[in-house]
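I have placed the structure first, in the form of structure tokens, so that the comments after it can refer back to it.
Note that this is a predicted model, so its numbers are computed, not measured. Convention: sequence-line order gives letters A, B, ...; per-chain numbering from 1.
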Protein chains: 2
Amino acid sequence: MANRSDTKTRILDAAEKLFAERGFSETSLRLITSKAEVNLASVNYHFGSKKELIRAVLARYLDRFMPEASDAVVQLKQGSEPSLNEIFSSLVKPLLELNKFKADGTRTFLQLLGRGYIESQGHLRWFITTHYGEHLSEFVKAVAESAPHIPPAEMFWRLHFTLGTVVFTMASADALTEIAEADFNEHNDIEAVIRKVIPYLAAGVAVPVTTQ
Amino acid sequence: MANRSDTKTRILDAAEKLFAERGFSETSLRLITSKAEVNLASVNYHFGSKKELIRAVLARYLDRFMPEASDAVVQLKQGSEPSLNEIFSSLVKPLLELNKFKADGTRTFLQLLGRGYIESQGHLRWFITTHYGEHLSEFVKAVAESAPHIPPAEMFWRLHFTLGTVVFTMASADALTEIAEADFNEHNDIEAVIRKVIPYLAAGVAVPVTTQ
DNA sequence: GTTTAATTTAAACACACGTTTAAATCAGAG
DNA sequence: CTCTGATTTAAACGTGTGTTTAAATTAAAC
């Protein structure tokens, strides 16, 4: 069998960059293959379809991030009663690790996640919960335990509010950092944004339920 | 001149429903015109292009909501020092007013806003700030005054976190209420979701800045 | 009732998309 | 070297898109 083929990798690399920047449906296979300098048909040859290419792009990051993230949460719980801030903060290192895998990997991953959740009309939600459900529930459990005054149904909503904040912020992170630079002369890399959002999220998740 | 033409309205009505449900780029003019039972070409005749149709759909809601919303904020400030919770809550009535304009108008408007911010790659941001900037800054000013311990640059980020929460939650509100009903046997209409999100947002916006 | 302008209609246009095909090329095994 | 299977390639396919055209129809003005 012949297999030197970095073609697959070239496609994934070009695709993830374009997907993150402009979204999935706005990125054509022709654009991907021209940036990757491979033949158009090679996408279907190696991945079957565009949909499966999207999954492959996401999986390459999720496979790295998810185990590390849930490990971090589990390890954090070894100590005594982590705060919400600490739980969220424990995800920062796994996130930044992605920069070692690829330049700007953290930003790319978060933007992909954002695009995915927004565009896929619930399809990505299914993909993640079925493939990474155990890692995910480790995180959810830790959050729930550290805010025991929030009933489960309320926590469900708040975690999705949180997801929304992260996902939207990351999908528009480029535009926002530009505006912030222009209006406040304040330069923010992706890590700075992550560190800004954590206290915001933690406060919202833990705020007492008002029965007005 | 001939003008019985509810054609324009029929198009707007069908378009807003489909846009809210499935997003702008996922909704073809052929689907819109078939649901509206009008001819395909009438969209371009009455609106010029799909892009201008999208703007018209959004404007119909924004023209109703924005003045009412900023009025509500201004009126609230007549009293003494409204809290963040009160400021956010003052938007609920204007939002629910949209249900009088059209059945399910509140949900439709918020979903359109969500889709718009997500899909339009900054274009809607420009449209709203140039057309409704004065109404908007009334709201921003009120929020800033009620949380004077947050520096302007930090507030910029937190308001966009807030926007993200709202926009994402509303864009996926249908899916989320379904899941909540299945998993927690808890039925939520759009008003219930709005009332859930307000304390979450207010807590995040006002949380003290940590200089760790 | 005739004229005029606005509107509606069916058809076609031009283009971009994801996918498929079949031939050409390549690399490794025997 | 030869053969075999994997990979790459150029071309075409079929479909769906927003938009345009030019004729038909409608409604109001004179």
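- Listed by chain and residue number, nothing satisfies the side-chain hydrogen bond (donor to acceptor under 3.5 Å, both in side chains) test with B:Asn44 (two or more places apart in sequence, or in another chain).
- Residue A:Ile11 contributes atom CD1, which lies 13 Å from atom C1' of D:dT9 at whole-angstrom precision.
- Going from atom CD of B:Glu37 over to atom P of C:dT8 covers 14 Å, rounded to whole Å.
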Side-chain donor-acceptor contacts of residues 35-43 of chain A below 3.5 Å, not counting sequence neighbours, with atom names and distances?
from    : atom 1 : to      : atom 2 : distance (Å)
A:Glu37 : OE1    : A:Arg10 : NH2    : 3.3
A:Asn39 : OD1    : A:Ala41 : N      : 2.8
A:Ser42 : OG     : A:Asn39 : O      : 2.4

**OP:** Going 5' to 3' through nucleotides 16-22 of chain C, assign each nucleotide B (protein heavy atom under 4.0 Å from a base atom), S (under 4.0 Å only from sugar-phosphate atoms) or - (no protein heavy atom that close).
**Re:** -BBBBB-
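- A sub-4.0 Å separation between OP1 or OP2 of D:dT8 and a side-chain N or O of A:His46 is present.
- Taking A:Glu191 as the reference, A:Arg195 meet the side-chain hydrogen bond (donor to acceptor under 3.5 Å, both in side chains) condition, with sequence neighbours excluded.
- Taking the ring pair (Phe, Tyr, Trp, His ring centres under 6.0 Å) definition, one finds that A:Phe184 meets it with B:Phe156, sequence neighbours left out.
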Under 3.5 Å donor-acceptor pairs involving side-chain atoms of residues 62-70 of chain B, not counting sequence neighbours:
from    : atom 1 : to       : atom 2 : distance (Å)
B:Asp63 : OD1    : B:Tyr132 : OH     : 2.8
B:Ser70 : OG     : B:Pro67  : O      : 3.3

Original post:
Dot-bracket, DNA chain D: Watson-Crick or G-U, under 3.5 angstrom, [ ] crossing, | other strand?
Top reply: ||||||||||||||||||||||||||||||
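- A search for side chain to side chain contact (heavy atoms under 4.5 Å, CB included) contacts involving A:Arg125 returns A:Tyr117, A:His160, B:Phe168, B:Ser172, B:Ala175, B:Leu176, B:Ile179, not counting sequence neighbours.
- Here C:dT9 presents its C1' atom at 5 Å from CG of B:Asn39, a figure rounded to the nearest Å.
- Remark: A:Tyr61 pairs with A:Phe101, A:Phe109 by the ring pair (Phe, Tyr, Trp, His ring centres under 6.0 Å) rule, at least two apart or across chains.
- Side chain of A:Asp189 to backbone of A:Ala192: a donor-acceptor contact under 3.5 angstrom is found.
- Rounded to whole Å, atom C1' of D:dT7 lies 12 Å from atom CG of A:Asp6.
- At whole-Å resolution of the value, CG in B:Leu18 and C1' in D:dG18 are 16 Å apart.
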